[in-house]
K.L.:
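Before I ask anything, let me first share the structure, which is written out below as structure tokens.
Treat the numbers as computed from the prediction; the structure is a model and nothing was measured. Convention: sequence-line order gives letters A, B, ...; per-chain numbering from 1.
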Protein chains: 2
Amino acid sequence: MISGKFAITIHILTLLHKFPNDYMSSEYIAGSINLNPVLVRKEIANLKAHHIVESKEGKNGGTKLAVNAAELTLKQIFEMTFETIGLGFAKNQPNPDCPVGKNINQHLENLYSEMNQKVSAQLEGISLEDFSNQF
Amino acid sequence: MISGKFAITIHILTLLHKFPNDYMSSEYIAGSINLNPVLVRKEIANLKAHHIVESKEGKNGGTKLAVNAAELTLKQIFEMTFETIGLGFAKNQPNPDCPVGKNINQHLENLYSEMNQKVSAQLEGISLEDFSNQF
DNA sequence: TAAATTTGTAACATATTTTATTACAGTATG
DNA sequence: CATACTGTAATAAAATATGTTACAAATTTA
């Protein structure tokens, strides 16, 4: 999962923030996202690895937020979902004997790195709580 | 082609800028990118549609820049390659009966739209000439 | 303690998107 | 007229993303 990872993760977290008292089941969350529960559990596994949520197995089990939503920024979520802003690279290694081919990827990386800084600055200013309170 | 479109297009344009006197063949360009020549011709077709390059068929034919590299911005290239900055959406339509599901995509779009503005502003300040002169 | 429910995870299947290849008609050059 | 290009369609292959099934392990509650 790459393309929907950030969107799915933020959807999960928004739901958890809206229902702070319960352990929510992956089945229920999956119903809101309209996604297979196994995929929800996979994203939750990622969130757990970053100690953003905790979950409980067994009957009446599920997942809930383990951090303060006001202190979790979209930038952190962005980074947890392994996303990087950019406009892509050509798939194959360019020709190293061509002065352009030899250096293009480095120059693209520099360009994208600047983009990331701008986007990160934007996302750092938005907390999960901010995002969730829009709903 | 999506992921490499911007990178490939800017690679093509940089080459054309470096060799302003010739009509470059798609075969030659493909050799620098290490890409199939047919795919190069497809990207060139897109550039032609935007009147950024012109090309000549037949023997000794090829493609060359049709605009002033100092006046072509990376933002224009970005837009020509149909790219939009964002962090993706879940593939399926979320549940419209859930207050979160119902509105998540709109909120994500708002967020991404802000990103686009920032990135566009950055790219608008860089011309093809600027980019090419780094090499 | 047994039944029910839920997570965690692996293995596999399907769908979608990207990239590559083949083929060939049309066009200009020398 | 032979050669070397573009333009484009059709198809194939590869890569990536998403979906499904299955089941062990954990926990609750009756």
K.L.:
Starting from the 5' end of DNA chain D, give me the residue, B/G58 or A/N34, whose nearest nucleotide shows up first.
P.N.:
B/G58

K.L.:
With a cut-off of less than 4.0 Å, is there a side-chain N or O of B/S26 near OP1 or OP2 of D/dC5?
P.N.:
no

K.L.:
Should A/K5 and A/E83 count as an ion pair when the cut-off is N to O under 4.0 Å?
P.N.:
no

K.L.:
To the nearest Å, give me how far apart NZ (B/K56) and P (D/dG7) are.
P.N.:
13 Å

K.L.:
Just how far, in rounded Å, is P of D/dC23 from CZ of A/R41?
P.N.:
15 Å

K.L.:
Does the separation of the ring centres of B/Y23 and B/Y28 fall below 6.0 angstrom?
P.N.:
no

K.L.:
Would you kindly give the CD-to-C1' distance between A/Q93 and C/dT19, to the nearest whole Å?
P.N.:
16 Å

K.L.:
Taking 4.0 Å as the cut-off, does a side-chain nitrogen or oxygen of B/K5 come that near to OP1 or OP2 on C/dT19?
P.N.:
no

K.L.:
Looking at D/dG7, C/dG8, C/dA11, which one has an atom nearest to any side-chain atom of B/E57?
P.N.:
D/dG7

K.L.:
Please report, rounded to the nearest Å, how far the P atom of C/dT5 is from the CE atom of A/M24.
P.N.:
18 Å

K.L.:
OP1, OP2 of D/dG7 versus side-chain N and O of B/S55: anything below 4.0 Å?
P.N.:
yes

K.L.:
Checking contacts here: which listed nucleotide (D/dT6, C/dT7, D/dA22) is nearest the side-chain heavy atoms of A/V38?
P.N.:
D/dA22

K.L.:
What is the distance from CG of A/L39 to P of D/dT18, rounded to the nearest Å?
P.N.:
8 Å

K.L.:
Could you state the atom-to-atom distance from NZ of A/K59 to P of C/dT1 in whole Å?
P.N.:
17 Å

K.L.:
Find the distance B/E54:CD to C/dA28:P and express it as a whole number of Å.
P.N.:
13 Å

K.L.:
Using a cut-off of less than 4.0 Å, is there contact between a side-chain N or O of B/K48 and OP1 or OP2 of D/dT6?
P.N.:
no

K.L.:
In terms of the angle between their ring planes, are B/Y112 and A/F6 parallel, tilted or perpendicular, with boundaries placed at 30° and 60°?
P.N.:
tilted

K.L.:
Distance check needed: C/dA11 C1' versus A/N36 CG, whole Å only.
P.N.:
14 Å

K.L.:
Decide whether B/N116 and B/S113 meet the rule of one side-chain donor and one side-chain acceptor closer than 3.5 Å.
P.N.:
no

K.L.:
Taking only N and O in the side chain of A/N60, is any of them less than 4.0 Å away from OP1 or OP2 of D/dT29?
P.N.:
yes

K.L.:
Want to settle it: does B/P37 or A/G61 sit nearer the 5' end of DNA chain C, counting the closest nucleotide to each?
P.N.:
A/G61

K.L.:
Would you mind reporting whether A/L15 and A/M24 have side-chain heavy atoms less than 4.5 Å apart?
P.N.:
yes

